[in-house]
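Each ligand, and each atom within it, is numbered from 1 in the order the structure gives. The first residue in the sequence is number 1, and the count goes up from there.
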Amino acid sequence: MRRLIAANWKMNKTVKETEEYIKKFLKFVEHPESREILICPPFTSLYVASQLLQGTGVKLGAQNCHYEKGGAYTGEISIPMLQELGCEYVIVGHSERRHIFGETDELIHKKIVACLEMGMRPILCVGEKREEREARMTFKVIETQIKLALAGVEEHIDKIDIAYEPVWAIGTGTPATPENAVEVHTFIRNLLNELNPNNEGKTRILYGGSVKPDNAKEFMKYDAIGGLLVGTASLDPESFSKIVYSF
Ligand code: 13P
């Protein structure tokens with residue numbers, strides 16, 4: 001299975017900056033078919049990004065979505081709107097959505113169900129906070145987040161990717177050790193097999209949290225790590241390309 005290397009720009013880059021970034025980034029892209037490269041810009045940059053990425057093999061994704069197709073939901077963006085712009089992926093349940101904007105497991109579940117119904121591939125983010133890790137609750141937290149998000153849609157596990165992003169590693173400059181990440185990835189893989197013994201293992205489990213060009217290779221040494229979700233270090237096209245081609 002091709003590994004997925006994804007850029008999550010978060011609330012960064014104007015349309016003009018997006019244009020400059022993508023033109024520069026594409027100069028570094030070789031053999032895009034050897035891995036899956038995904039860029040998730042803010043909503044306002046999706047249109048220009050989709051125009052520039054057409055035919056390049058680099059995929060486009062969004063950072064969030066609403067679970068309804070349309071209606072009176074001021075400020076929200078629907079999955080069909082994203083699909084019209086060429087988005088094939090959407091990040092769901094990012095820790096910043098959970099902890100800054102109060103997204104609950106119930107809301108995240110609705111978004112996952114909507115993605116599956118509407119043919120969008122979600123990247124479900126899970127991860128424990130520092131105090132939860134210190135209290136040795138990591139596995140329990142991850143299990144609860146995954147079980148609630150996927151309740152009732154276990155048969156579609158293969159149409160989802162999961163990103164393990166420990167909250168304490170996001171934007172801190174201190175990543176999990178690759179061994180720590182592998183331990184949690186293995187736990188997630190076993191849980192997915194338990195939830196759906198017939199799954200074909202097509203769910204990639206990504207690691208995210210302070211991934212940089214100089215540590216990406218260490219993570220990618222392990223088969224259990226199906227890709228990377230990169231924040232800060234994806235904001236510079238050269239730095240992101242080094243991560244994309246770190247393995
Ligand atoms: P950083 O790479 O900045 O730690 O962010 C990770 C992240 O949240 C990606 O979704």
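- Using a 4.0 Å cut-off between heavy atoms, Asn8 contacts ligand 1 through its side chain alone, with no backbone atom that close.
- Protein heavy atom nearest atom 3 (O) of ligand 1, with residue, atom name and distance: Thr232 OG1, 2.4 Å.
- Of the protein's heavy atoms, Glu165 OE2, 2.9 Å lies nearest to atom 9 (C) of ligand 1.
- In this structure, the side chain of Gln63 engages the main chain of Lys10 through a donor-acceptor pair within 3.5 Å.
- Heavy atoms of Ala169 found under 4.0 angstrom from ligand 1 belong exclusively to the backbone.
- Thr138 pairs with exactly one of Glu128, Glu183, Glu132 by the side-chain contact (heavy atoms from CB on, under 4.5 Å) rule, that one being Glu128.
- Ranking protein heavy atoms by distance to atom 2 (O) of ligand 1, first place goes to Gly231 N, 2.9 Å.
- In this structure, Arg35 forms no cation-pi arrangement with Tyr245, as its terminal cationic atom is not both closer than 6.0 Å to the ring centre and no more than 45° off the ring axis.
- Between Lys10 and ligand 1 there is a heavy-atom distance shorter than 4.0 Å.
- At least one heavy atom of Ser210 lies less than 4.0 angstrom from ligand 1.
- With salt bridges taken as basic N to acidic carboxylate O contacts below 4.0 Å, one links Glu36 and Lys59.
- For atom 4 (O) of ligand 1, the nearest non-hydrogen atom from the set Ala6, Gly171, Gly173 belongs to Gly171.
- Rounding to the nearest 0.5 Å gives a distance of 6.5 Å between CG of Asp236 and NZ of Lys24.
- Taking a cut-off of under 4.0 Å to the non-hydrogen atoms of Leu229, the atoms of ligand 1 that pass are 9 (C), 10 (O).
- Lys23 and Glu20 are not joined by a salt bridge, as no carboxylate oxygen comes within less than 4.0 angstrom of a charged side-chain nitrogen.
- At least one heavy atom of Gly209 sits less than 4.0 Å from an atom of ligand 1.
- The number of heavy-atom neighbours closer than 6.0 Å to CD of Glu84, taken from other residues, nucleotides and ligands shown, is 12 or below.
- Close N/O approach between Thr172 and ligand 1 is not found [any backbone or side-chain N/O within under 3.5 Å].
- A salt bridge is absent between Lys242 and Asp214: the closest approach of a Lys/Arg side-chain nitrogen to an acidic carboxylate oxygen does not fall below 4.0 angstrom.
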